[in-house]
Amino acid sequence: MSDDFSFRDIVELAQDVVIVTKATPLEAPGPEIVYVNPAFTQLTGFSATEAVGQNPRILQGKGTSESTCHEIRLALDKKEPIHVAILDYTKDGREYWLDLSIMPLRNAKGELTHFVAIERDVTGQKEMEKRLRELAERDPLTGLYNRRIFFETLDDQWELFQTKHETFSVIEIDIDHFKQFNDQFGHQAGDLVLKHVAGLIQTACRPQDIAARVGGEEFSMLLPGLTAKMALIIAESMRNMVKQASVKYDRHVLQAEISLGISEVMQNDLKDSAILRRADEALYLSKKKGRNQTNII
């Protein structure tokens, strides 16, 4: 073995984060950190002085997965190595993702004395994965969900209705006279109107709702747990928001209006396409009766 270097020097120069903790106790205030390398300070903003004597929970926050923490704790209890991805936080609150490996360290007698965590910052990779998911799920112009996600979620909601009788409603939305924006002002103006209306639709959504662009100027909303009458309140709020808002394009003020159709799932529906058919019929009725209104079928 060469004696012209030390393993500590290697760890100190490593770009991956290295944290060593005592093996016991695992409960708070343990496991106690006894060593961090400079890469830890560079990534987290905590100095070695601030970290040593603390426990790794100082890096956790509201977005850190409880299930992942539980998985780590089970492995530590069993004195086994574990490899996970986890979201942690820097000293100033910035989120970052880690590829985390924890391994038990034993002394010459085979007794467990410490754990070592080797951590690699994979935030960029996670952000790329998130972006790729969004590209697969989102309409690139409006940012709403795309047609595929809407129909996949509708299928899931239909299964919940079949098994647990959980009601839901669908709102179909169409921008009135949308072609006029493109014909009079050009496609850039039309795109601006689409993004404007989509933003207002998203504003009207609850966290559990799914709003999607399913066609050119056509949007659909899936509202879990709501009857048609309850969905009407959201639909009318949305219609009024669109009617009262405007968007500027060049020297022009563009004013859009929308027509809406609502349908609630029914006990005698044989498949989810029946709900969509009724919602489409209700939307057609809104247009037939003069547009800028909501109807339920």
Side-chain angles (χ1 to χ4, degrees), residues 1-138 143 207:
M1 177 74 69
S2 173
D3 59 359
D4 58 358
F5 68 89
S6 72
F7 286 102
R8 185 183 181 93
D9 291 337
I10 296 173
V11 172
E12 290 280 313
L13 294 171
Q15 294 187 6
D16 287 348
V17 171
V18 178
I19 304 174
V20 179
T21 70
K22 293 180 180 179
T24 58
L26 293 177
E27 296 80 10
E32 181 185 343
I33 297 173
V34 297
Y35 171 80
V36 295
N37 69 343
F40 170 89
T41 294
Q42 184 175 359
L43 176 61
T44 69
F46 288 100
S47 68
T49 302
E50 291 173 313
V52 171
Q54 301 289 332
N55 69 61
R57 298 183 190 93
I58 62 172
L59 304 172
Q60 296 172 9
K62 61 181 180 180
T64 305
S65 168
E66 291 184 7
S67 62
T68 301
C69 291
H70 180 65
E71 185 180 354
I72 292 172
R73 177 56 189 270
L74 288 178
L76 298 184
D77 283 337
K78 295 178 181 179
K79 303 178 177 57
E80 296 176 345
I82 185 169
H83 182 200
V84 296
I86 191 167
L87 179 69
D88 275 350
Y89 293 81
T90 63
K91 182 179 178 179
D92 61 6
R94 178 179 59 84
E95 295 181 353
Y96 64 94
W97 278 95
L98 286 176
D99 179 86
L100 169 63
S101 293
I102 302 176
M103 292 155 286
L105 297 178
R106 300 178 185 276
N107 61 19
K109 297 179 181 179
E111 299 167 334
L112 177 65
T113 60
H114 296 83
F115 288 102
V116 59
I118 311 295
E119 305 174 346
R120 175 164 295 181
D121 183 4
V122 291
T123 305
Q125 176 185 330
K126 286 291 185 178
E127 288 176 349
M128 179 62 72
E129 291 173 358
K130 179 182 178 182
R131 180 60 181 152
L132 290 174
R133 285 196 303 271
E134 288 177 347
L135 288 173
E137 297 176 352
R138 299 280 180 173

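No experiment lies behind these values; they were computed from the predicted model shown. One-based numbering along the sequence shown.
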> Taking all atoms of both residues into account, what is the closest heavy-atom pair of P31 and P56, and its distance?
Replying inline: O-CD, 3.4 Å

> Shortest non-hydrogen contact from P81 to A75?
Replying inline: O-CB, 4.4 Å

Contacts under 3.5 angstrom, residues 93-103 side chains, donor-acceptor by atom type, not counting sequence neighbours:
| from | atom 1 | to | atom 2 | distance (Å) |
| --- | --- | --- | --- | --- |
| R94 | NH2 | L43 | O | 3.4 |
| D99 | OD1 | H83 | NE2 | 2.9 |
| D99 | OD2 | H83 | NE2 | 3.0 |

> Shortest non-hydrogen contact from A51 to V36?
Replying inline: CB-CG1, 4.1 Å

>> Testing the basics here: between Y89 and Q60, what is the closest heavy-atom pair and its distance to 0.1 Å?
In response: CD1-C, 3.9 Å

> Which pairs with one or both residues in residues 65-81 pass salt bridge (charged side-chain N to carboxylate O under 4.0 Å, His left out), sequence neighbours excluded?
Replying inline: E27-R73, R73-D77

>> Go through it in stages, so that I can follow the logic: the residues are M128 and Q125, the test is side-chain contact (heavy atoms from CB on, under 4.5 Å), and I'd like the CA-CA distance, side-chain angles, deciding distance and then a yes or no.
In response: CA-CA 5 Å; M128 179 62 72; Q125 176 185 330; 5.7 Å; no

>> With side-chain contact (heavy atoms from CB on, under 4.5 Å) as the criterion, how do T64 and T68 come out once you've worked through the C-alpha distance, each side chain's angles and the decisive distance to 0.1 Å?
In response: CA-CA 8 Å; T64 305; T68 301; over 6 Å; no

>> For residues 101-117, which residue pairs pass the salt bridge (charged side-chain N to carboxylate O under 4.0 Å, His left out) check, not counting sequence neighbours?
In response: none

> Distance from L74 atom CG to C69 atom SG, nearest 0.5 Å?
Replying inline: 11.5 Å

> Under 3.5 Å, side chain of R138 to main-chain N/O of R133, donor-acceptor pair present?
Replying inline: no

>> Quick check: do F40 and L59 have side-chain heavy atoms less than 4.5 Å from each other?
In response: yes

> What's the spacing between Q54 CD and F46 CZ if we round to 0.5 Å?
Replying inline: 8.0 Å

>> Suppose we screen for side chain to side chain donor-acceptor pair (under 3.5 Å). Which residues come up paired with K91, at least two apart in sequence or across chains?
In response: E50

> Residues in side chain to side chain donor-acceptor pair (under 3.5 Å) with T49, at least two apart?
Replying inline: none

>> Would you compute the distance between atom CG of L87 and atom OG of S65 and round it to the nearest 0.5 angstrom?
In response: 9.0 Å

Check: residues 13-26 side-chain donor-acceptor pairs under 3.5 Å, at least two apart:
| from | atom 1 | to | atom 2 | distance (Å) |
| --- | --- | --- | --- | --- |
| D16 | OD1 | R120 | NE | 2.9 |
| D16 | OD1 | R120 | NH2 | 3.4 |
| D16 | OD2 | R120 | NE | 3.4 |
| D16 | OD2 | R120 | NH2 | 2.8 |
| K22 | NZ | E32 | OE1 | 3.3 |

> Quick one: does T44's side chain have a donor or acceptor within less than 3.5 Å of a partner on T90's backbone?
Replying inline: no

> So R131 and E134, salt bridge (Lys or Arg N to Asp or Glu O under 4.0 Å) or not? Walk me through it.
Replying inline: CA-CA 5 Å; R131 180 60 181 152; E134 288 177 347; 3.8 Å; yes

> Just wondering, more than 12 heavy atoms not from Q42 lying within 6.0 Å of its CD?
Replying inline: no

